[in-house]
Amino acid sequence: MTEKSHGERRTGLLNGFAAYGMWGLVPLFWPLLKPAGAVEILAHRMVWSLAFVVVALLITRRWAWAGELLRQPRRLALIVVAAAVITVNWGVYIWAVNSGHVVEASLGYFINPLVTIAMGVLILKERLRPVQWAAVGTGAASVLVLTIGYGRPPWISLCLAFSFATYGLVKKQVNLGGIESLAAETAVQFLPALGYLLWLGASGDSTFASEGAGHAALLASTGVVTALPLVCFGAAAIRVPLSTLGLLQYLAPVFQFLLGVVYFHESMPAERWAGFALVWLALSMLTWDGLRSARRAARIRAGLIAPRTATEAQVRSAATRTQVPSQTQIPAQAQVPPQVPVPGSAAGEASQLNSGVVEA
């Protein structure tokens with residue numbers, strides 16, 4: 001590997017750590033916006049996110065996608081669905097953090113890859129390997145244990161996991177980059193959000209102008225908090241392997257979990273530890289199986305081993321058709337960024353069912 005390649009990989013890893021680190025530490029930010037309620041914070045996030053990404057797109061002059069999108073009603077409809085689903089995800093997450101449920105919110109992003117796989121089976125009719133079935137079954141058992149522990153289903157976790165997995169499924173069909181997708185979705189959200197904020201101001205219940213300049217600046221910074229991790233994620237996605245990003249995705253819920261237990265001092269009785277342990281076991285199984293399959297696919301493409309299934313034969317055939325002369329090096333910037341899991345994205349995105357990279 002050349003020195004330039006090492007530099008690119010190092011830059012990608014730093015950006016990946018930055019993206020998932022920011023997503024993981026975001027529970028520290030939402031309480032700073034009190035006394036604003038969750039819905040007011042959500043509305044500001046929508047409005048200021050659009051403002052931020054519009055400025056970013058003006059600077060980079062990346063507008064060609066917008067005209068193409070406007071000429072495709074089906075993709076526009078999917079953008080509306082994505083905007084609606086991520087609104088639910090954002091709103092529930094902000095409410096959960098500011099209501100003392102950070103640990104339960106982190107669980108949502110831990111189980112998100114398992115929900116994504118289940119949706120792949122039910123909706124896309126995907127076939128699972130035995131280890132994947134075992135992981136999904138273990139994840140379902142963990143939800144049962146946590147239901148007993150909480151005395152109710154962990155509805156915050158389930159809502160976050162299913163909304164983010166649905167968001168990833170929709171984004172897979174839309175096939176837009178992170179910043180472009182955020183711009184399109186917040187454009188859909190903008191008028192309802194702005195209307196709500198104007199109504200809140202007219203009724204005298206808005207905190208934007210009544211709590212001082214610092215509070216107003218924090219509300220306005222929700223756009224930066226939303227978009228900046230996406231910029232770092234995009235820089236990482238074109239420089240590091242998909243398998244590496246797939247492992248980095250777990251940083252976000254790990255940080256959120258640790259914040260909930262250590263910083264916010266949320267209770268963790270024995271039954272909750274048991275439920276989380278089952279989730280972590282399921283994710284370990286999933287990660288091990290994914291890495292093993294990726295290594296086998298790489299060996300098949302290289303012709304080191306023979307394919308055993310029709311799918312593996314297709315991998316080998318595709319590699320043969322797309323071989324590039326060894327002396328030709330494709331710069332990382334010219335490659336199409338892979339669809340990557342995030343906690344969310346989260347995912348997770350274990351295939352890119354979970355390509356929703358707009359984290360909580």
Could you check Val170 against Val85 for side chain to side chain contact (heavy atoms under 4.5 Å, CB included), going step by step and ending with a plain yes or no? CA-CA 9 Å; Val170 175; Val85 174; 5.5 Å; no

Does the pair Asn89 and Tyr167 meet the rule for a side chain to side chain contact (heavy atoms under 4.5 Å, CB included), with working shown? CA-CA 9 Å; Asn89 185 274; Tyr167 177 71; over 6 Å; no

Please determine whether side chain to side chain contact (heavy atoms under 4.5 Å, CB included) holds for the pair Leu57 and Trp65, giving the CA-CA distance in whole Å, both sets of side-chain angles, and the decisive distance to 0.1 Å. CA-CA 11 Å; Leu57 291 171; Trp65 60 272; 3.8 Å; yes

Could you go through the side chain to side chain contact (heavy atoms under 4.5 Å, CB included) check for Asn112 and Phe162 one step at a time? CA-CA 7 Å; Asn112 179 60; Phe162 276 93; over 6 Å; no

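With a 4.5 Å cut-off on side-chain heavy atoms, Tyr150 and Trp155 do not count as touching. Side-chain atoms of Ser142 and Phe110, non-hydrogen and from C-beta on, never get closer than 4.5 Å to each other. Taking 4.5 Å as the limit, some side-chain heavy atom of Leu42 sits within range of a side-chain heavy atom of Met46. Between Phe29 and Thr222, the closest side-chain pair of non-hydrogen atoms falls below 4.5 Å. Between Leu258 and Val254 the shortest side-chain heavy-atom distance falls below 4.5 Å. Counting heavy atoms from C-beta on, the side chains of Val143 and Pro153 never come closer than 4.5 Å. In this structure the side chain of Trp90 reaches within 4.5 angstrom of the side chain of Thr226, judged on heavy atoms. With a 4.5 Å cut-off on side-chain heavy atoms, Leu200 and Val39 do not count as touching.
Annotation: the span from His101 atom NE2 to Phe264 atom CZ amounts to 12.5 Å, rounded to 0.5 Å. Here Phe257 contributes atom CZ and Trp280 contributes atom CH2; the two are 4.0 Å apart, rounded to the nearest 0.5 Å. The CZ atom of Arg45 sits 13.0 Å away from the CZ atom of Phe52 when rounded to the nearest 0.5 Å.
A perpendicular orientation is assigned to the rings of Tyr20 and Trp23, their planes being inclined by more than 60° (bins at 30° and 60°).
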Let me check something: any side-chain donor-acceptor pairs from residues 211-218 under 3.5 Å, sequence neighbours excluded? List them with distances.
{"residue": "His215", "atom": "NE2", "partner": "Thr207", "partner atom": "OG1", "Å": "2.8"}

Residues 227-236, side-chain donor-acceptor partners within the protein, below 3.5 Å, at least two apart:
none

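Taking the six-membered ring wherever Trp is involved, the centroid distance between the rings of Phe276 and Trp273 does not fall below 6.0 Å.
Counting only distance, with no hydrogens or angles, the side chain of Lys34 and the backbone of Asn98 share a donor-acceptor pair below 3.5 Å. Here the side chain of Ser99 pairs no donor or acceptor atom with the backbone of Ala96 at under 3.5 angstrom.
Across all their heavy atoms, Val136 and Ile117 have their closest contact at CG2-CG2, 3.8 Å.
Note on Leu197 and Val54: same hydrophobic cluster, where clusters join Ile, Leu, Val, Met, Phe, Trp and Tyr whose side-chain heavy atoms are under 4.5 Å apart, directly or indirectly. Leu128 and Val131 sit in two unconnected hydrophobic clusters of ILVMFWY residues. Membership requires side-chain heavy atoms under 4.5 Å apart, directly or through other members. Hydrophobic clustering (side-chain heavy atoms under 4.5 Å, transitive across Ile, Leu, Val, Met, Phe, Trp, Tyr) groups Val80 together with Leu194. In the hydrophobic cluster analysis, where Ile, Leu, Val, Met, Phe, Trp and Tyr join through side-chain heavy atoms closer than 4.5 angstrom, Leu70 is grouped together with Leu191. A continuous path of hydrophobic side-chain contacts links Val225 to Phe190 [ILVMFWY only; heavy atoms under 4.5 Å].
Arg74 CZ: 12 or fewer foreign heavy atoms inside a 6.0 Å radius. Surrounding CH2 of Trp63 are more than 12 heavy atoms belonging to other residues, nucleotides or ligands, all under 6.0 Å away.
Arg75 has no carboxylate O lying under 4.0 Å from a charged side-chain N of Glu180, or vice versa, which leaves the two without a salt bridge.
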